[in-house]
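Notes to accompany the following structure.
Note that ligands are numbered from 1 as they come in the structure, with each ligand's atoms numbered from 1 the same way.
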Amino acid sequence: MTSTQQADAGRTSELPKWARGNSHRGGPGFGELIEQVRSVMDASRFIAPGDDVARELTADLSRIVERMQAIAVPVDDAAADSREDLPARGNPSLPPFEIIDLGSEGVVAEIVFRAFHLGRLSAHGGNISLLFDELAGYATMHRVTSGFARTAFLKVDYRSLTPIDRPLRARVWVEEIDGRKLHVLGTLHDGDRLCADMTALFIQVPDA
Ligand SMILES: CCCCCCCCCCCC(=O)SCCNC(=O)CCNC(=O)[C@H](O)C(C)(C)COP(=O)(O)OP(=O)(O)OC[C@H]1O[C@@H](n2cnc3c(N)ncnc32)[C@H](O)[C@@H]1OP(=O)(O)O
């Protein structure tokens with residue numbers, strides 16, 4: 001069963017069109033392309049180029065950006081954020097998580113924060129919040145009866161430093177439903193060590 005089918009199982013209506021995943025858009029090489037995009041972002045955190053090299057790299061990247069812009073499609077048809085076979089659905093703006101389990105009990109994901117996500121000595125708190133928001137989207141998508149749920153608020157308590165470059169485990173689940181309000185909880189662990197936990201309120205809205 002794909003993650004989309006699992007997420008669909010508890011709903012009384014279909015997933016919104018934009019949330020139905022696929023594993024073909026962008027072709028079989030799309031995952032490697034996104035991985036290279038992530039590598040560019042990672043590498044950019046560790047360079048201090050001279051002016052000549054900075055200008056050369058800018059020219060190289062400009063050519064790549066132009067090639068991508070020339071093949072742009074409407075966002076609802078884009079491969080990024082739709083490929084359920086790829087980490088973080090192939091969305092390079094998200095930390096690259098893999099869904100381990102998804103169902104009425106919530107979502108469990110493995111996440112490796114990388115150089116791009118570095119704050120000072122550990123993962124940047126905003127990236128941890130971003131991960132929780134996205135995973136809460138998965139958890140609530142499973143529990144709303146129709147449409148989807150939007151974040152009203154999301155609070156993160158940072159309990160200990162969150163390392164980069166090693167697999168961590170996140171769990172996010174809907175604790176309580178009160179009409180359109182979904183109260184969501186989450187945890188992020190490095191082995192047995194709690195790195196962060198999250199409390200959020202999501203509100204069910206019709207599909208836009
Ligand atoms: C498998 C595929 C996966 C695919 C997975 C994809 C995952 C993507 C996940 C991304 C999720 C996001 O980031 S979403 C983007 C970030 N969020 C947003 O931009 C939301 C912007 N805000 C809004 O649109 C709105 O304010 C809403 C929808 C949140 C609420 O507006 P509304 O629908 O008019 O509801 P409203 O009447 O105001 O409130 C309903 C009830 O909630 C309460 N309430 C509302 N906001 C708050 C609040 N901040 N704090 C406390 N309580 C609140 C109200 O008091 C009320 O309680 P009572 O009187 O009924 O008791």
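- At a heavy-atom cutoff of 4.0 Å, ligand 1 is contacted by no atom of Glu84, backbone or side chain.
- Note: the hydrophobic cluster containing Met141 does not contain Leu86 (ILVMFWY, side chain heavy atoms under 4.5 Å, direct or indirect links).
- Here is the list of ligand 1 atoms found below 4.0 Å of a heavy atom in Asp133: 9 (C), 11 (C), 12 (C), 13 (O).
- Atoms of ligand 1 lying under 4.0 Å from any heavy atom of Val205, numbered from 1 in the order shown and given with element: 28 (C).
- Side-chain contact annotation: Gln204 with Thr140, donor-acceptor N/O pair under 3.5 Å absent.
- Here Asp178 has no heavy atoms under 4.0 Å from ligand 1, in either its backbone or its side chain.
- Remark: ligand 1 atoms within the under-4.0 Å shell around heavy atoms of Ile203 are 29 (C), 42 (O).
- Within the 4.0 Å heavy-atom cutoff, Arg89 counts among the residues contacting ligand 1.
- Judged by the shortest distance from any of its heavy atoms, Ala19 lies inside the 4.0 Å radius around the atoms of ligand 1.
- Counting heavy atoms only, Thr151 comes closest to atom 11 (C) of ligand 1 of the residues Ile99, Thr151, Leu130.
- Transitive grouping of hydrophobic side chains (ILVMFWY, heavy atoms separated by less than 4.5 Å) brings Phe153 and Ile203 into a common cluster.
- Residue nearest to atom 43 (C) of ligand 1, selected from Lys181, Arg20, Arg150, Arg180: Lys181 (by heavy-atom distance).
- Note that CG of Leu185 is 9.5 Å distant from CD of Glu176, once rounded to the nearest 0.5 Å.
- With Thr162 as reference, Leu168 is the one residue of Leu131, Leu168, Leu121 to meet the side chain to side chain contact (heavy atoms under 4.5 Å, CB included) rule.
- Set against the non-hydrogen atoms of Gly137, the atoms of ligand 1 under 4.0 Å away are 7 (C), 9 (C).
- For Arg20 and Trp18, the positive end is not near the middle of the six-membered ring at less than 6.0 Å and at most 45° from its axis.
- For Arg159 and Asp197, the salt-bridge test passes: some basic side-chain N is under 4.0 Å from an acidic carboxylate O.
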